[in-house]
Each structure stands twice: as structure tokens, then as C-alpha cells.
Q: 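Would you mind keeping the following structure in view while I ask a few things?
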Number of protein chains: 2
Amino acid sequence: MKKNEQVTIHDIARALNIDSSTVSRALNDSPRVSSKTKQKILDKASELGYQRNILASNLRTSKTNTIGVIVPRISRNFFSSVISGIEETAQEAGYSVVICQSFESFEREQKLVETLLANRVDGILISVSMQTESYDHLKAYLNHGGSIVFYDRPCQLENCSSISIDDYKASFQATEHLIQNGCRHIVHFSGPQINDLYKNRKQGYVDALEKHGIDFNEAYCLESKLSENDGVAHAKKILEMGNVDGIYSSNDTAAISAIQYLKTQGVNIPKDIAVVGFNNDPISSVIEPSLTTINQPDFEMGTIASNLLINKIENKNTSNESKILDIELIIRNSSKHN
Amino acid sequence: MKKNEQVTIHDIARALNIDSSTVSRALNDSPRVSSKTKQKILDKASELGYQRNILASNLRTSKTNTIGVIVPRISRNFFSSVISGIEETAQEAGYSVVICQSFESFEREQKLVETLLANRVDGILISVSMQTESYDHLKAYLNHGGSIVFYDRPCQLENCSSISIDDYKASFQATEHLIQNGCRHIVHFSGPQINDLYKNRKQGYVDALEKHGIDFNEAYCLESKLSENDGVAHAKKILEMGNVDGIYSSNDTAAISAIQYLKTQGVNIPKDIAVVGFNNDPISSVIEPSLTTINQPDFEMGTIASNLLINKIENKNTSNESKILDIELIIRNSSKHN
DNA sequence: TTAAAAAATACAATCGATTGTATTTTTAAA
DNA sequence: TTTAAAAATACAATCGATTGTATTTTTTAA
């Protein structure tokens with residue numbers, strides 16, 4: 001931005017023939033300035049159209065009152081809801097929020113963390129990309145005195161809090177629901193096994209099968225990034241397999257595209273194949289048959305993540321917590337097996 | 001962030017017994033530093049774990065290489081696609097992007113602009129909120145030397161470029177499509193008439209009716225913010241009206257919730273009432289019947305918006321442009337009237 | 001009225017990087 | 001070898017706000 005147009009505290013000071021330190025204190029409502037001069041300064045400031053330069057302020061105080069949010073992609077309803085929760089809480093506490101998308105790319109995630117560090121944000125809320133296996137970029141940020149809280153996809157990293165749901169339990173519940181509806185050959189759409197989230201979801205599926213005396217078949221576990229295309233590809237494989245009667249997908253996106261493809265191939269959902277998804281995307285209630293899915297407290301996850309981070313930043317609480325939220329299985333029409 | 005941990009160019013300079021200005025120039029790859037010392041400095045920098053403090057740099061250069069994006073809400077697919085386009089182009093040009101949601105609130109929008117100004121972002125890309133009637137907040141930003149480009153919802157403001165679609169034409173086309181499919185009593189879900197976008201959409205509807213000799217009935221224009229709830233409320237009104245046989249909605253969200261409600265009331269879509277939406281949300285192809293809608297080049301709109309703004313910032317082009325993109329009517333099942 | 005205490009304000013260094021100018025060192029030409 | 005030109009580096013001011021310390025002014029109490 002052009003410099004000439006910028007009004008600084010020095011301009012105000014000069015206009016009133018006082019010192020800029022007094023102006024600074026007045027603008028910050030310090031008790032060290034009399035209310036008379038405060039008023040004079042405030043008046044002059046608005047007269048001149050003064051706008052505080054936060055860059056300068058941040059540099060001096062080495063505090064930006066900004067938190068960075070790294071999210072795989074904002075277009076997923078779950079994530080945009082989490083962000084809303086984050087923003088609300090952050091705003092109340094006087095923090096700005098910078099939203100960044102990693103698009104599930106590790107390389108991009110690294111760059112984003114670097115940029116956030118260079119910009120000296122006070123803390124980072126991150127749901128790591130599906131490719132993230134190394135945490136050096138995050139460690140670098142921590143070493144510079146930053147705070148990190150994981151949300152949705154927890155990671156084992158010292159000195160970080162996390163907030164997530166009980167993926168294992170949710171998965172167990174979803175799978176058991178299919179079994180109780182008569183499914184015996186259940187395919188699982190699983191995500192990258194490098195992250196705990198998808199590991200836990202797979203394990204819940206495996207254990208539910210075991211509990212009900214169904215043999216686990218590795219070929220029934222289709223691992224992918226759970227995109228729309230992946231859902232279609234999985235559906236094709238399922239038709240080749242022949243005897244599949246249930247699908248438990250780690251997200252709604254893949255479940256929905258699979259349903260759509262299967263319908264075009266004359267498969268009856270849920271009669272032939274019952275389906276359960278994960279996330280409760282708005283689209284899941286619109287598709288026919290409506291999709292049975294797991295609902296997560298997304299907005300709440302955002303508010304809690306924000307709170308954990310701000311507490312960390314402000315040192316109110318030095319201990320690290322791993323909070324787990326409850327989920328809910330929403331039973332709709334895609335899973336009624338009769 | 002804590003100060004003690006921070007390595008500065010002065011630390012590097014001290015360690016090598018040279019001046020910090022040389023370090024600065026070396027890190028910026030200036031020709032004024034010999035390649036030998038450059039290498040020494042680079043090595044020492046990585047050895048000490050140096051991370052440039054952009055705050056300081058920005059303060060000195062009064063350039064942040066950051067653009068602010070104000071969006072009504074990121075959860076709308078159209079907007080998240082625009083953002084992707086913005087990010088891609090901005091990144092290539094070396095700019096960071098800060099995404100902010102106004103949630104259609106004017107008050108919030110004002111605060112966001114203020115924050116972006118305080119942070120001295122080089123430019124703002126904005127789709128104004130549905131409540132925005134005054135532009136003083138934007139003028140203040142312009143007065144401080146900032147650049148503004150409007151996207152999707154253009155505004156009459158001096159010295160600003162804009163990128164949008166031909167809402168009038170799209171609306172005309174959508175309405176005409178309904179008429180050609182036999183509709184005579186077409187209700188229009190319109191948005192706040194304070195913005196050109198919704199004015200144009202309404203006018204296109206009105207003129208299409210006129211062209212085909214259908215009287216315009218103000219009662220058939222239901223104005224709202226086009227939320228899900230608004231769609232349901234409109235649907236109820238339509239049932240009370242009795243003889244409505246077509247709906248043209250200014251967005252998909254309202255169209256879809258209306259369809260869902262009407263279906264529960266035994267209305268056959270499209271036989272009894274044909275429906276056309278706007279935006280081509282992913283959900284529009286999933287709902288049954290699939291929704292006829294207007295597809296906008298969302299990603300492209302983002303890239304062009306970014307380009308216009310960056311050109312403005314870098315003064316490559318001082319003239320102000322109003323670009324208009326072409327749309328496409330996607331005909332699906334919700335509008336076949338027989 | 002005067003001294004001490006309290007309030008208000010001024011001075012000056014600082015945050016970390018950038019950049020115009022000055023100085024020193026190196027190179028090239030005479 | 002000497003000198004001019006070019007290259008490399010050092011010096012010092014600056015961006016705009018903050019903040020500890022010093023000074024001045026005002027208030028209070030004796």
C-alpha cells in the first residue's frame with residue numbers, strides 16, 4: 001500500500017504537539033493518559049482518518065493475535081462447519097483467523113506452515129493432510145515458540161493438544177448396525193492408513209466383524225483418498241466381487257458416488273447392498289435412498305479446538321489434552337436390509 | 001510468539017562478523033553480495049534455523065504480498081470453488097490469501113474490511129453481503145491506497161474492477177426454458193434487491209415473461225435470503241396460491257429445500273410444478289428429480305478475479321474493467337413438463 | 001506556602017528487516 | 001606499479017508502534 005496516504009501516531013502527535021508515546025497509550029486506553037488528552041487524541045485520530053498499522057504493533061509486541069487454520073479443503077461441509085466454530089470462538093477472544101487449504105497435499109501443507117510461521121501467527125489449528133507422515137514442519141513451528149492443536153485428525157506430537165471423535169467406536173457402531181441388519185459381506189472404504197483416524201476407523205470395523213463371528217477379509221478393505229472417483233472405482237470392484245451385501249465407507253463423499261453408480265447398474269440400495277457413510281454431509285439426507293451415516297459435532301469441535309489453542313497461547317493451561325467428542329449414528333434408508 | 005527463540009539477520013551477521021545489511025541482501029539474492037558470502041550466509045541461516053520475520057519485512061516495504069478475500073460463506077460450493085481459483089492464481093503470483101466469511105452480515109463485513117486494512121493487505125476481493133447498501137468501509141480502504149475487485153456480486157464503486165456473470169441473461173434463459181416447457185404461472189425466488197445481482201436476476205425473469213406474453217405478477221416474486229428455511233416457507237406459500245406450475249429460484253439451496261417440502265406434500269416435480277435453480281451445486285444432480293440449474297464458471301471466476309486484482313496492485317493496468325462470464329443452462333429432470 | 005506524592009507527559013530504545021549512501025577491497029587497464 | 005573503475009561490504013536511517021525510564025506538572029497534605 002502507498003505510504004504517503006498513511007496517517008501514523010506521529011502525525012497525530014505532531015498535530016497536537018505532544019509525544020507519540022502518549023498517542024500510542026491513549027489509543028490503547030492506558031491509564032497513564034488523562035481523559036482530556038485521550039479525547040483530543042481520539043478526535044484528531046478520526047479527523048485524520050487514522051488506522052492503526054497492526055504490522056508495526058505486531059512486530060514490536062511479537063504477538064499477532066492471529067491463529068492459522070489448516071484444513072484439507074473448505075468445500076467439505078464437515079470442515080466448513082468446524083471453521084465456523086473456530087471463527088466464532090476466536091473472534092470472541094479477540095483473535096483473527098487465517099484459513100488455509102492443504103488440498104490433502106503434504107507439500108502444500110509444509111508451505112502453509114512455513115508461511116504461517118513467517119507471519120508469526122500465535123498458534124495453528126491443523127487437520128493434517130492424508131499424505132502427512134512426517135511432522136518436521138510442525139516441529140519447526142513449535143521450536144519457534146508456536147502452539148499447535150490438532151482437530152479431527154489427531155497426531156502423536158509432543159506438546160500438542162487435540163480434539164477429535166472416537167473414530168473406533170463410531171466405526172464399530174456403524175459396522176455393527178450393518179451386521180444387525182443382516183449384512184455378512186461388508187466392504188469397508190478406508191482412508192490412508194498413515195493417519196490414526198483412518199486406522200481407528202478400520203479397526204472398529206474389524207473388531208465389530210470379529211465380535212459377531214464374521215471373518216475379516218483384507219480384500220474387503222478398499223483403501224483410497226475417498227474422493228468421488230474413488231467411490232465409483234470401489235463400486236465397480238464390488239460388483240466384480242459378486243456377493244457383497246454391505247458397504248461401510250469412511251466418508252459420505254465416496255459412499256454417495258458409489259450409491260449413484262450402483263443404482264445405474266441396477267443394484268437396489270439397501271435391498272441388495274446396504275450402505276453406511278460417515279460425516280452427515282447435507283447431501284446424505286437428499287440422496288435416495290437417504291444415507292445412514294455418522295454425525296459428528298462439527299461446530300462444537302471447532303469451538304473446543306479454538307479454546308484449547310487460545311488457552312495454550314495465553315498460557316492459562318500448560319498441560320496437553322486429548323479431547324474426544326461423542327458421535328451419533330443417524331439411521332436412514334440406505335441401511336434397512338429387508 | 002516468544003522472542004528469545006527467534007533468530008534474526010543480526011544473529012547471522014554477528015556469527016559471521018559481517019553487517020546485517022549484507023545478510024539481508026544475501027537472503028534476497030541481491031547481486032550486491034558475492035556468491036561466496038551468500039553461501040556462507042545461507043549455510044549459517046539454516047544452521048541457526050533462521051526464519052524470516054515477514055512482519056518486519058512488510059513494515060519496512062509497506063507491502064504484504066497478501067490479498068484478502070471476503071466471501072459470504074465458504075460452505076456454499078460456488079464460493080469454495082471461486083476461492084480455489086483465487087488461491088491458485090494468487091499463489092503463482094507469489095501472494096498469500098486470507099479468507100474471511102461475512103455470513104451475509106454487513107456489520108461483520110465492515111469489521112473484516114477494517115481488520116484487512118489494519119493488516120495492510122495489498123488488495124481485497126469481495127462478494128458483498130446481502131445486506132450491504134453502503135460502501136463507506138470499502139472507500140476507507142481505497143483511500144488508504146488499497147485495491148478492490150468485486151466478484152460475483154458487482155457494485156458501483158469508483159476505481160474498482162469486477163468480474164461476474166450475465167445474471168440478466170441467465171435468468172432470462174432459465175425463465176424462458178420453463179415457459180417453453182409449458183409453465184405459465186412461474187414463481188420467482190428472488191434475493192435482496194439492494195444488490196445488482198438479484199435485481200438483474202429478477203429483471204431477466206420479468207422480461208422473459210413479457211416476451212412470451214405472460215403478465216408479471218408481483219405476488220409471484222418471493223424475496224428472501226434464499227436459505228433452506230426460506231425455500232420451505234416459499235413452498236408453503238406456493239401451495240396456498242394454488243395454481244403455480246413453475247419455480248425459478250435464484251439459488252439451488254432454496255430450490256432444493258422447496259422441492260423436498262413439496263414432495264412431502266404430494267406434489268409431483270416436474271409434472272405439477274417444474275423447477276429451475278441457480279449455481280449447479282453438487283447436490284443439484286443428486287436430488288430426485290435432478291435439478292435443472294445454471295452453471296457458472298466458478299473456478300475461472302476466481303482466477304480472473306485474482307488476476308484483475310494483482311494487476312491492479314502491481315499497477316500493470318490502471319483502467320478498471322467489468323468482465324462478464326458466460327453461463328450454461330444445465331437441463332435435468334426437474335423441469336420437463338410432460 | 002512548601003514539600004512530598006501522584007499524575008501526566010516526554011524521551012529514547014526497540015522490534016527485525018530494508019535500502020540509499022559511504023567506504024573499503026578487488027579487479028582491470030594504463 | 002599506479003590509478004581508475006567495479007565489486008563487495010559497512011554504515012546508518014527508516015518503517016510505525018510499544019514501553020521502560022526520566023522529567024515535568026498537578027494534586028495533596030502538612
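Letters A, B, ... are given to chains in the order of the sequence lines, protein chains preceding strands, and every chain is numbered from 1.
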Q: Is a salt bridge present between B:R108 and A:E87, judged by a nitrogen-to-oxygen distance below 4.0 Å?
A: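 Between A:E87 and B:R108 there is a salt bridge, with a charged N closer than 4.0 Å to a carboxylate O.
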Q: What is the separation between atom CZ on B:R120 and atom P on D:dC15, rounded to the nearest whole Å?
A: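 So the CZ-P distance, B:R120 to D:dC15, works out to 14 Å.
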Q: Are the charged groups of B:K44 and B:E47 less than 4.0 angstrom apart, N to O?
A: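 Here B:K44 pairs with B:E47 in a salt bridge, since their nearest N and O are under 4.0 Å apart.
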Q: Using a cut-off of 4.0 Å on non-hydrogen atoms, how would the nucleic acid contact of B:N28 be classed: base, sugar-phosphate, or nothing?
A: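 B:N28: backbone/sugar contact only, no base atoms under 4.0 Å.
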Q: Measure the distance from NZ on B:K36 to C1' on D:dA7 and round it to the nearest whole Å.
A: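 The distance from NZ of B:K36 to C1' of D:dA7 comes to 11 Å, rounded to the nearest Å.
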Q: For B:K63 and C:dA17, what is the distance between atoms NZ and C1' respectively, to the nearest whole Å?
A: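 Value for this atom pair: 16 Å.
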Q: Looking at B:D29 and B:K38, does any basic side-chain N land under 4.0 Å from a carboxylate oxygen?
A: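 Yes.
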Q: Can you check whether A:S24 has a side-chain N or O nearer than 4.0 Å to OP1 or OP2 of D:dA17?
A: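 Indeed not, no polar side-chain atom of A:S24 lies that close.
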Q: In whole Å, what is the span from the CD1 atom of A:I41 to the C1' atom of D:dT18?
A: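 For the pair A:I41 CD1 and D:dT18 C1', the rounded distance is 14 Å.
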Q: For nucleotides 8-12 of chain D, list the nitrogen or oxygen atoms of the protein found under 3.5 Å from its nitrogen or oxygen atoms, one pair per line.
A:
from, atom 1, to, atom 2, distance (Å)
D:dT9, OP1, B:T37, OG1, 3.3
D:dT9, OP2, B:S34, N, 3.0
D:dT9, OP2, B:S34, OG, 3.2
D:dT9, OP2, B:T37, OG1, 2.8
D:dT9, O4, B:R32, NH2, 2.8
D:dA10, OP2, B:D19, N, 2.9
D:dA10, OP2, B:T22, OG1, 3.2
D:dA10, N6, B:R25, NH1, 3.4
D:dA10, N6, B:R32, NH2, 2.9
D:dC11, N4, B:S21, OG, 3.0

Q: Applying side-chain hydrogen bond (donor to acceptor under 3.5 Å, both in side chains) between B:T132 and each of B:Q110, B:E109, B:E104, report the one that passes.
A: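 That would be B:E109; it is the only one of B:Q110, B:E109, B:E104 passing the side-chain hydrogen bond (donor to acceptor under 3.5 Å, both in side chains) with B:T132.
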Q: Which one is paired to D:dT21, where only Watson-Crick or G-U wobble pairs with both distances under 3.5 angstrom count?
A: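 Check on D:dT21: paired to C:dA10, both distances under 3.5 Å.
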Q: Which whole-number value in Å describes the distance from A:I9 CD1 to D:dT19 C1'?
A: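 Distance check: A:I9 CD1 to D:dT19 C1' gives 11 Å.
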Q: Among pairs that include at least one residue of residues 10-21 of chain A, which meet salt bridge (charged side-chain N to carboxylate O under 4.0 Å, His left out), considering only residues two or more places apart or in two chains?
A: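 As it turns out, the salt bridge (charged side-chain N to carboxylate O under 4.0 Å, His left out) pairs with a partner in residues 10-21 of chain A, which skip direct neighbours, are A:D11-A:R14.
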Q: Does the side chain of A:R60 get closer than 4.0 angstrom to OP1 or OP2 of C:dA13 through an N or O atom?
A: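 Answer is no, no contact under 4.0 Å.
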Q: May I ask you to check whether A:S34 and A:T37 show a side-chain donor-acceptor distance below 3.5 Å?
A: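 Yes, side-chain donor-acceptor contact under 3.5 Å.
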Q: How long is the line joining OH of B:Y50 and C1' of C:dG16, in whole Å?
A: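 The distance from OH of B:Y50 to C1' of C:dG16 comes to 8 Å, rounded to the nearest Å.
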Q: Expressed in angstrom and rounded to an integer, what is the separation of A:L59 atom CG from C:dA13 atom P?
A: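 Result: 18 Å.
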Q: When rounded to the nearest 0.5 angstrom, what distance separates CG in B:N53 from CD in B:Q6?
A: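 CD of B:Q6 is found 7.0 Å from CG of B:N53.
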Q: Could you check how far CG of B:N53 sits from C1' of D:dC15, rounded to whole Å?
A: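 Taking CG of B:N53 and C1' of D:dC15, I get 13 Å after rounding.
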